[in-house]
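Please read these numbers as outputs of a predicted model, since none were measured by experiment.
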Amino acid sequence: LARLRSQNELLEIRSSDLSFTERDTTEFFNKKLKLDLTLNDINLLELKTEGWIAGLQLTAITLQNKENVSEFIRKIAGGNRYIMDYLIEEVLNTLDNETRDFLLKTSVLVKLSGPLCDAVLQIDNSQFKLESLEKNNMFIVALDNERHWFRYHHLFGDLLKQRLLINEKQLIPVLHNKASIWFEKNNIPLFAIDHSLLANNFERAAYLIDQQADSIWLRGEHTLLQRFLEGLPTNILLTKPKLSIYFAWLLFTNGKFDEAELTLKSVEELLSPSSGEKNKKTPINNEVQLQGRVAAIRASIASFRGEINNIIHFSEQALKHLSKEDDTWRCIGAMTLGDAHMLNNNTRDAAKAYFEAVVASQTVNDINLYLMSNMLFAFAEAQLGRLQVAQEIYEKLLNFVNEKCLLKTDFAGWLFAAKSYLFYEWNDLESAVEYANKGVEKSVYGHNVFIKGIVYNNLIAVLFANHDLVAAEKGIKEIEKIVAESDVPRGIINWKEAWRARLWLAQGNIQAVSEWVRRRCWNEETNFSYLHKDEIIVFARILIAHGKYNVADKLLKRLISQAESASQIVSQIELLLIHALVLTILENKNEAKISVLKALSIAEPGGFIRIFIGEGETIEILIKTIKNEKATKVSDLLNLISSEYLSKLLEAFKNEKKTNKNTTENVLSARELDTLKLLAEDYSNQQIADELFISLNTVKTHLKNINLKLEVDSRTKAVEKAKALGLI
């Protein structure tokens, strides 16, 4: 055969050639058997059966009259009665005792090789057996061309494990233990750990994990490390300070702050036992370094809770204890110091600290820290108004994520959400929505509650800009679920609160808004705070909606000054524009124009557009005035702004009106449009009812829907907005 094969005179038909493809499986189940399976069902079947035709036929028999087909397919394994009977009768029962024994005992192995099977079974002919099984198509698959490594067909392997469990349950831990020893000796540590855990040899597993934890961490395989650590009993895990520290970090990133702190407390007791206990305990290596890591995690927890003093205290403690060689944890310390600066209203120093973390992350091979430090640095740059700098960082990270095959991670979700924000500010709402949805889609690949909060916050922002209040409401509910299920950063709760109030305001729900202000304890003496900036800005909008223009004027002046001191450019632009609206209402049009001029001067370098469009027609009129004055007057402030930027903004306002008109015309029913036209003619509710031959209650329903869809809270505002949109 070898000679014929080498001379290309042999046609070989193997099991892979006789297996169904996805297309074959689809035709068999949907066209032949009329089972109407989804593409996801087909893919699962392909994965489970590997295209094995008899297995698919037996599965089809089982699927007859099943109510939840998708759920059944998800659970299919070698335990399926028909498949099990077939494999027992047609395969296992035809084998000699020695081969059957070999198959059953090696089923505990995910991958098999001759030397490994020899070590586990204490024999010396395993390679011959494996090659013989493959040659006879005995449900075994070669994993390389040299036939060093093999695996069993998934369904066949499931059956073998079940038979072994029934016949020789007591032997399973022994086999796993032998496999673990072989993998350790042959420098394949991750498989050694897995088999130790499966053998319930937890002391050995803890020892092996302790040896590998740093390298697993540095490779960014945090989910794998979490699986290993969760496989250890708590009483063993908590005797290993290094492992407990890693576990505390993973608990923290999963939003389980209280559990993380309990774990850290146990570590601290190990590291600082009483003098009487110390002599009884095994000496711990690198105690000072471990204390530094504990402090770094405590600083991170304090950061998420917005506790500035604790962040600074624990960050300094971490950097004091951590050696220069422990770059990974020093990077975490630098990031938390950046958080402290940000919370302390010092965005420029925060950006510097985050950049130091970026530099530190480049000296170690830690993918997660490299991504996180870069994302935080880019975020700080965006808050400073440097959107192009942030864009360059995001593009670099997107290439990195692609190269490292990390698109199915929550970090990819964070990256897409961050890019969505840039598209949003540059008024490319189509791309903003696309990337925001990608962010949500990718966030399911991890448990980081901080990332989940960010992706939903960005999604709500773009949905709100697109006037899709129903979908924005759903986004808020998703954040509320996250808050209910996990400990989350204080900022996520505050984002949620700000969007909740903003949505109520858009819907004209003044009662809910008033209750929100009372519950959150906002008042005109409130100062600018990074942690609460979004809520404070919404509060200023609420004052305007309540007609408290002078109070809003006073508050906004102070907030603008404080945002400027904090170098919070984005907040500063928004506050200046809101202040211009108030000044216009107070008939101080010159000051309103100056406020817009200041906003333009700090917004143009970053190319901000959406932030202006979102404030409506009054801002558009003021920008038109500024453009006209720029053509006829000379002033320092006017010279800071280019005519091209002004033209770009005015064109965006024009396009927004067209989009809104089309959208609103499609959203408003014919009867609501008729009601709106009569409303513009100052008809009373009863007069509208008489004119349209409808009941008074129907008129009230139409008016409520009109206010909701136009995002206003009064008849007058509804008419004003309808005219601005060209509806009447």
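With values rounded to the nearest 0.5 angstrom, His341 atom NE2 is found 5.0 Å from Asp349 atom CG. Rounded to the nearest 0.5 Å, atoms CG (Leu459) and OG (Ser420) are 7.5 Å apart. Remark: Asn707 CG to Asn509 CG distance equals 11.5 Å, nearest 0.5 Å. Here the NZ-CG distance, from Lys598 to Leu600, works out to 12.5 Å after rounding to the nearest 0.5 Å. Between the NZ atom in Lys648 and the CD atom in Glu604 there is a gap of 9.5 Å [rounded to 0.5 Å]. The structure places CG of Leu703 at 6.0 Å from CG of Leu679, a figure rounded to the nearest 0.5 Å.
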(message) For Lys589 and Thr584: C-alpha separation, side-chain torsions, deciding distance, then whether side-chain hydrogen bond (donor to acceptor under 3.5 Å, both in side chains) applies.
(response) CA-CA 5 Å; Lys589 293 185 179 179; Thr584 302; over 6 Å; no
(request) Could you give me the CA-CA distance, side-chain angles and deciding distance for Leu503 and Ile476, then say whether side-chain contact (heavy atoms from CB on, under 4.5 Å) is met? (result) CA-CA 10 Å; Leu503 202 63; Ile476 292 170; 3.8 Å; yes
(message) Run the ring-ring contact (aromatic ring centres under 6.0 Å, His included) test on Phe464 and Trp499 for me, step by step, so that the C-alpha distance in whole Å, both residues' side-chain angles and the decisive distance to 0.1 Å come before the verdict.
(response) CA-CA 9 Å; Phe464 191 88; Trp499 277 117; 5.5 Å; yes
(request) In sequence, state the C-alpha distance, the side-chain angles, and the governing distance for Tyr456 and Trp495, and then conclude on ring-ring contact (aromatic ring centres under 6.0 Å, His included). (result) CA-CA 10 Å; Tyr456 276 108; Trp495 287 337; over 10 Å; no
Validation: residues 543-551 side-chain donor-acceptor distances under 3.5 Å, sequence neighbours left out:
from, atom 1, to, atom 2, distance (Å)
His546, ND1, Ile542, O, 2.9
His546, NE2, Ser514, OG, 3.1

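Exactly one residue among Leu371, Leu398, Asp410, Leu406 makes a side-chain contact (heavy atoms from CB on, under 4.5 Å) with Leu415. That residue is Leu398. For the ring-ring contact (aromatic ring centres under 6.0 Å, His included) criterion with Phe377, the lone passing option out of Tyr394, Tyr354, Tyr370, Phe355 is Phe355. For the side-chain contact (heavy atoms from CB on, under 4.5 Å) with Ile479, the lone residue among Ile492, Ile493, Val455 that qualifies is Ile492.
Although no hydrogens or angles enter the test, the distance criterion places a donor-acceptor pair under 3.5 Å between the side chain of Arg558 and the main chain of Glu525. For Asn437 (side chain) and Val433 (main-chain N/O), a donor-acceptor pair under 3.5 Å exists by modelled atom type. In terms of modelled atom types and a separation under 3.5 Å, the side chain of Asn346 and the main chain of Met342 share no donor-acceptor contact. With hydrogens and angles ignored, the 3.5 Å screen pairs no side-chain donor or acceptor of Ser595 with any backbone N or O of Ala592. Under the 3.5 Å distance criterion, the side-chain polar atoms of Ser373 are matched with a main-chain donor or acceptor of Leu369. A donor-acceptor pair under 3.5 Å is absent between the side-chain atoms of Asn588 and the main chain of Leu583, judged by distance alone. Checking side-chain atoms of Asp339 against main-chain N and O of Ser303 turns up no donor-acceptor pair under 3.5 Å.
The number of heavy atoms from other shown groups lying within 6.0 Å of CG (Asn399) is above 12. For Lys438, the NZ atom sits in a packed shell: over 12 heavy atoms of surrounding residues, nucleotides or ligands are nearer than 6.0 Å.
Using a cut-off of 4.0 Å between Lys/Arg side-chain N and Asp/Glu carboxylate O, Glu515 and Arg500 are scored as not salt-bridged. Ion pairing between a basic and an acidic side chain is recognised when a charged N comes within 4.0 Å of a carboxylate O; Glu615 and Arg541 show such pairing. Comment: Lys452 does not engage Glu478 in a salt bridge, judged by the lack of any side-chain N to carboxylate O separation of less than 4.0 angstrom. Note on Lys481 versus Glu485: no salt bridge recorded, every NZ/NE/NH1/NH2 to OD/OE distance being 4.0 Å or above. The pair Arg519-Glu497 meets the salt-bridge criterion, since a charged nitrogen lies less than 4.0 angstrom from a carboxylate oxygen. Using a 4.0 Å cut-off between a side-chain N of Lys or Arg and a carboxylate O of Asp or Glu, Glu620 and Lys654 do not qualify as a salt bridge. Under the 4.0 Å criterion applied to side-chain N and carboxylate O atoms, Arg520 and Glu535 are assigned as salt-bridge partners.
Contact annotation: the side chain of Glu430 never approaches that of Glu434 to less than 4.5 Å [non-hydrogen atoms, C-beta and beyond]. Put simply, the side chain of Phe314 does not reach to within 4.5 Å of the side chain of Ile297, judged on heavy atoms. Taking 4.5 Å as the limit, every side-chain heavy atom of Glu356 sits out of range of all side-chain heavy atoms of Met335. Using a 4.5 Å cut-off on side-chain heavy atoms (C-beta onward), Val596 and Ile623 make contact. Under the 4.5 Å side-chain criterion, counting only non-hydrogen atoms from C-beta, Ile393 is not in contact with Met375.
Checked against the 6.0 Å centroid threshold, Trp414 and Phe450 count as a close aromatic pair. Between Phe252 and Phe304, the distance separating the two ring centers is shorter than 6.0 angstrom. Between Tyr421 and Phe379, the ring centre distance reaches or exceeds 6.0 Å.
Remark: the Gln383 side chain and the Thr347 side chain contain no N/O donor-acceptor pair separated by less than 3.5 Å. Side chain to side chain, Asn527 and Gln562 meet the donor-acceptor criterion of an N or O pair below 3.5 Å. Counted by atom type alone, Lys630 and Ser643 present zero donor-acceptor pairs between their side chains at under 3.5 Å. Using modelled atom types and a 3.5 Å distance limit, the side chains of Ser315 and Thr336 yield a donor-acceptor pair. The closest side-chain donor-acceptor pair between Asn310 and Glu307 falls under 3.5 angstrom.
In this structure, the side-chain hydrogen bond (donor to acceptor under 3.5 Å, both in side chains) partners of Ser431, at least two apart in sequence or on a different chain, are Asp428.
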